[in-house]
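Lettering follows sequence order; numbering is per chain, from 1. Note that these values count all heavy atoms, side chains included, but never hydrogens, waters or copies made by symmetry.
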Protein chains: 2
Amino acid sequence: MISQKAKYALRALLALCKAPPEASLMIAEISKSQAIPKKFLEQILLELKRAGIVMSRRGRLGGYVLLRPADKITFGEVLRLIDGPIAPLPCLSKIAYRRCADCQDEASCEIRHVFAGVVKAQREVLDHTSFADAVRAGRVPDLS
Amino acid sequence: MISQKAKYALRALLALCKAPPEASLMIAEISKSQAIPKKFLEQILLELKRAGIVMSRRGRLGGYVLLRPADKITFGEVLRLIDGPIAPLPCLSKIAYRRCADCQDEASCEIRHVFAGVVKAQREVLDHTSFADAVRAGRVPDLS
DNA sequence: TATATCTCGGCTGAACCGATCGGCATTCGA
DNA sequence: TCGAATGCCGATCGGTTCAGCCGAGATATA
């Protein structure tokens, strides 16, 4: 299960993707349209900003804009930022590799072996699906 | 990330799979050989028993045995039992479907659409990998 | 300057996780 | 028949994470 926070982050970014290009959205607008608690959304957008995914303007007429085109932002990137590693085992994580304390030999670890297959499949999807892809798939009725 | 508890459960079952057929293993043995806290392992094996995956005998010479052949127990089954739903969103879970509170229309939800791809891939692996498969892959050097 | 907006740190209550404890029930060997 | 070994079971605990809230401060525009 992904966290509520990650879900909010994805929805906020989708809202920004769908907004007219170059227009900026205020926290309050996104909060209202997406039903996300305002103060919580504040934190989330701040993290996205620090990660270089969005940028903000303060003061009257402030708000948030995407810093990169929507096809250069992947689901995987956002998920890792908010929820941490995608991998189901620490010894399979790209961003936070940690040896399993009690596993003598990774190469012969059956569990690792099975989950290596899982994480590969996950990455296949998450690291190759951009927000542009997601919006496109949502707009056109999916025929697959 | 799967929980520590799930990792223990998988390791315990692997130990039972590798034990001589019809032999039973005591909690203390598994605990020692797999470096799992004994009292915690006790809980875990109890859950596996209630789920019909293993059976136990009490008293002197007690212990645990697999209730089903190793090729009839999948990783997915054990994971769902210990950690709950595998699906990354409640609205994609087989065993615990829940509508996302704030999602008007599931069919047009971009997030759901993307994660449907993820969960499909996960299930492909987890529900089709048995403990027999895992042990086999661990024994023979993997050439893939 | 006034005011709407983002910034940022801290805080809280609830839930969850990993683990432990102590007592009870059952089984078998002496 | 007794007692030791083993599984069964409920309770509890300390720490961590999650979801969300509060309030003061910085900043840009009208």
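Heavy-atom distances under 4.0 Å link DNA chain D to B:K39, B:E42, B:Q43, B:L46, B:K49, B:R50 of residues 36-53 of chain B, given in residue order.
Remark: A:E42 engages A:K39 in a salt bridge, criterion side-chain N to carboxylate O under 4.0 Å. Between A:K72 and A:E77 there is no salt bridge, since none of the side-chain N atoms of the basic residue sits less than 4.0 Å from a carboxylate O of the acidic one.
Checking D:dA30, D:dC8, D:dA28 against every side-chain atom of A:R58, the shortest atom distance belongs to D:dA28. When distances are taken from the side chain of B:R60 to each of D:dT29, D:dT6, C:dG29, the shortest belongs to C:dG29.
With sequence neighbours excluded, no residue forms a side chain to side chain donor-acceptor pair (under 3.5 Å) with B:R98.
Results of the side-chain contact (heavy atoms from CB on, under 4.5 Å) test with A:Y8 over A:I44, A:L13, A:L41 single out A:I44 as the only residue that passes.
Taking atom CZ of residue A:R57 and atom C1' of nucleotide D:dT27, one finds them 12 Å apart after rounding to whole Å. With rounding to whole Å, A:M26 atom CE is found 9 Å from C:dA4 atom C1'. The interatomic distance linking B:I82 (CD1) with C:dC17 (P) rounds to 11 Å, in whole Å. As rounded to whole Å, 16 Å separates atom P of D:dA4 from atom CG of B:L61. Straight-line distance from the CE atom of B:M1 to the P atom of D:dT17: 12 Å, rounded to whole Å. What separates CD1 of A:I27 from C1' of D:dA26 is a distance of 14 Å, to the nearest Å.
Residues A:S130 and A:D71 have side chains that never bring a donor and an acceptor to within less than 3.5 angstrom of each other.
Between B:S3 and the phosphate of C:dC16, there is no side-chain N or O to OP1/OP2 separation shorter than 4.0 Å. Contact annotation: A:Y8 side-chain N/O to D:dG20 OP1/OP2 distance is under 4.0 Å. Here A:S56 reaches the OP1 or OP2 of C:dT7: one of its side-chain N or O atoms lies under 4.0 Å away.
From A:L92, atom CG reaches atom NE2 of A:H113 across 11.0 Å, with rounding to the nearest 0.5 Å.
Between A:L25 and A:Y64 there is no side-chain heavy-atom pair separated by less than 4.5 Å.
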